[in-house]
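In listed order, ligands and their atoms are each counted from 1.
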Amino acid sequence: MLTNDALDALFPAHLAVLTETTARALEAAGSDALVIGAGFLQYRFLDDTTHPFVANPHFKLWAPIDNAPGSFLVLRPGYKPQLLFHQPEDYWHKPPVLPTGSWLECFDVQVIRDPAAARRYVPAGAAFVGEPFHGMEGWGFGTVNPDPLMAVLHFARASKTPYELACLRRAAAAGARAHRAAARAFAAGASEYQIHLAYLAASGHTEAGLPYPNIIALNEGAAVLHYTELQSEAPAERRSLLIDAGAQYRGYASDITRTHAAAPGPFADLIAGMDALELKLCEMVRPGVHYPDIHLAAHRLIAELLVTQRIVNCSADAAVATELTGVFFPHGIGHLLGLQVHDIGGHQTATEGGTTPPPAPHRYLRLTRTLTAGTVVTIEPGLYFIDLLLAKARGDARGRDINWQRVGELAPYGGVRIEDDVVATADGAENLTRDAFAALA
Ligand code: GLY
Ligand code: MN
Ligand code: MN
């Protein structure tokens with residue numbers, strides 16, 4: 001793992017890439033300057049408390065500051081980037097503090113006491129990127145989130161700089177550490193809520209600091225893809241744990257899923273089969289690969305697992321052809337990962353824009369692009385026993401090919417998903433998640 005100084009040393013080259021992309025984006029929009037708003041604290045309805053602040057990802061891309069409501073960036077080709085850091089004079093709350101680090105030297109920093117003070121730094125006619133805000137009409141922006149500019153910025157986000165990859169490795173490390181603590185809590189008989197607390201403590205995050213709400217499901221709960229209930233009571237019988245939980249470093253996320261069986265047996269075998277096929281799919285991540293092909297390969301491998309685990313009575317070919325695999329694997333194989341857990345631009349056709357929808361019937365697939373060096377994706381095959389989908393299959397021709405007795409045996413375990421974060425590199429796949437777990441060993 002890099003030292004903090006070595007990580008900071010990568011930052012100027014990261015900024016050089018952003019500067020080049022921004023110049024192209026401004027050209028596409030016919031603008032000379034770009035202003036990026038971090039966003040504002042949002043108050044709850046009829047209340048004086050706010051939702052947790054989440055900065056505009058375009059802001060975080062430039063400035064790794066989590067707590068920056070009311071701050072702005074002013075970017076003009078040929079000029080040092082300007083960071084207008086909002087630090088109110090406030091004795092009710094602790095005002096945001098600028099993080100330290102040599103990355104700050106890349107910016108001309110101005111502290112503003114009121115967001116409105118940013119207005120005088122806005123170049124006339126600048127493009128604005130961010131959530132529109134009250135009163136911005138008088139600030140002289142030429143355009144707000146214009147499509148041609150956004151298209152260039154979004155398309156470029158898929159491929160990460162060495163600085164971003166270093167941040168993602170740290171996010172993977174924190175996630176792996178916390179997953180290990182969660183697995184220990186499960187083995188000790190903890191409830192979903194207690195596993196969640198163990199995860200938070202080991203990750204070093206508050207709940208608001210997680211990249212997405214933890215999915216921690218015991219037993220049948222694992223059949224709910226985004227299960228976030230967190231029961232405080234441990235069930236009488238502990239059979240399985242599915243935990244989908246990540247961590248963040250400088251705004252970059254990890255997105256990791258592991259499934260555990262409480263004891264050896266058919267469900268543990270299913271996990272082992274899923275783990276093996278997931279690794280095969282991860283190996284497919286390399287430049288030039290059309291991501292939907294990984295999704296289709298997942299259906300093929302899951303069909304084979306359904307056959308070897310005697311969950312279906314037909315052949316793997318037939319399970320794919322009749323879309324029977326979709327009953328058990330009803331989501332996409334993964335997505336772009338970065339500043340957002342589902343990073344933007346997954347369906348974008350080209351830097352100029354355009355949309356490539358997923359191939360029918362795989363409408364849930366979030367990524368339809370061809371991978372390039374530095375693209376970071378998740379690979380997350382799953383196999384679940386979902387009442388709703390099983391009931392539908394029972395009612396049509398697919399039901400005849402399902403081994404209902406086997407489904408009955410496995411349904412109390414909910415389901416299995418294994419999810420890793422993987423970089424496409426010229427040398428093949430770099431599996432950030434597996435590397436992070438291996439480093440803990
Ligand atoms: N944690 C959400 C997902 O895996 O996409
Ligand atoms: Mn994911
Ligand atoms: Mn996930």
*Asks:* What about Phe267 and Phe385, are their ring centers closer than 6.0 Å?
*Replies:*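 No.
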
*Asks:* Out of curiosity, is Arg417 lining ligand 1, as in a heavy atom under 4.0 Å away?
*Replies:*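 It does not; every heavy atom stays at 4.0 Å or beyond.
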
*Asks:* Any nitrogen or oxygen of Asp244 lying under 3.5 Å from a nitrogen or oxygen in ligand 1? Just yes or no.
*Replies:*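 Min N/O separation from ligand 1 is below 3.5 Å for Asp244.
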
*Asks:* If the threshold is 4.0 Å, N to carboxylate O, is there a salt bridge linking Glu278 and Arg417?
*Replies:*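 Looking at Glu278 and Arg417, the cut-off is not met.
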
*Asks:* Considering only the protein, which heavy-atom contact is closest to atom 5 (O) of ligand 1, and what is its distance?
*Replies:*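 Ranking protein heavy atoms by distance from atom 5 (O) of ligand 1, first comes His342 NE2, 2.7 Å.
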
*Asks:* Report yes or no: does Arg366 have a heavy atom closer than 4.0 Å to ligand 1?
*Replies:*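 Checking ligand 1 against Arg366, which is what was asked, there is no heavy-atom contact under 4.0 Å.
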
*Asks:* Which ligand 1 atoms, with their elements, are less than 4.0 angstrom from a heavy-atom of Glu419?
*Replies:*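 With Glu419 as reference, the close atoms of ligand 1 come out as 4 (O).
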
*Asks:* Tell me the protein heavy atom at minimum distance from atom 4 (O) of ligand 1, and give that distance in Å.
*Replies:*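 Atom 4 (O) of ligand 1 sits closest to the protein heavy atom Glu380 OE1, 3.0 Å.
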
*Asks:* For the atom pair OG (Ser203) and CD (Gln248), what is the distance rounded to the nearest 0.5 Å?
*Replies:*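 Ser203 atom OG to Gln248 atom CD measures 10.0 Å (nearest 0.5 Å).
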
*Asks:* Could you identify the single nearest non-hydrogen protein atom to atom 3 (C) of ligand 1 and state the distance to 0.1 Å?
*Replies:*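 It is Asp255 OD2, 3.3 Å.
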
*Asks:* Can the ring centroids of Phe11 and His14 be said to lie less than 6.0 angstrom from one another?
*Replies:*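 Between Phe11 and His14, the centre distance is under 6.0 Å.
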
*Asks:* Are Asn313 and Arg406 close enough, and set up right, to give a side-chain hydrogen bond (donor to acceptor under 3.5 Å, both in side chains), and what steps lead you there?
*Replies:* CA-CA 10 Å; Asn313 303 315; Arg406 189 72 169 157; over 6 Å; no

*Asks:* Which atoms of ligand 1 are found less than 4.0 Å from any heavy atom of Tyr212?
*Replies:*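 This gives 1 (N) as the contact atoms.
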
*Asks:* Around atom CD of Glu27, are there more than 12 heavy atoms of other residues, nucleotides or ligands at under 6.0 Å?
*Replies:*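 No, the 6.0 Å shell around CD holds no more than 12 heavy atoms from other groups.
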
*Asks:* Strictly under 2.8 Å of the Mn ion (ligand 2): which protein N/O/S atoms qualify?
*Replies:*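 The answer, once waters are left aside, is Asp255 OD2, His335 NE2, Glu380 OE2, Glu419 OE2.
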
*Asks:* Establish, for the pair Arg238 and Phe186, whether the NZ or CZ atom is under 6.0 angstrom from the six-membered ring centre and no further than 45 degrees off its axis.
*Replies:*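 Yes, Arg238 sits over the ring of Phe186.
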
*Asks:* For ligand 1, which atoms sit closer than 4.0 Å to a heavy atom of His335?
*Replies:*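 The atoms of ligand 1 under 4.0 Å from a heavy atom of His335 are 3 (C), 4 (O), 5 (O).
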
*Asks:* Check His154, His335, Lys160, Arg366 against Asp343 for a side-chain hydrogen bond (donor to acceptor under 3.5 Å, both in side chains) and give me the one that passes.
*Replies:*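 Among His154, His335, Lys160, Arg366, the one meeting side-chain hydrogen bond (donor to acceptor under 3.5 Å, both in side chains) with Asp343 is Lys160.
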
*Asks:* Measuring from non-hydrogen atoms of Val341 to any atom of ligand 1, is the shortest distance under 4.0 Å?
*Replies:*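 No, Val341 has no heavy atoms under 4.0 Å from ligand 1.
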
*Asks:* Going by heavy atoms in the side chains, are His331 and Leu225 under 4.5 Å from each other?
*Replies:*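 Answer yes - side chains close enough.
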
*Asks:* Between Ile271 and Ala261, what is the shortest heavy-atom contact and its length?
*Replies:*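 Looks like CD1-N, 3.5 Å.
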
*Asks:* Is the count of non-hydrogen atoms from other residues, nucleotides or ligands lying under 6.0 Å from Asp275 atom CG greater than 12?
*Replies:*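 Yes.
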
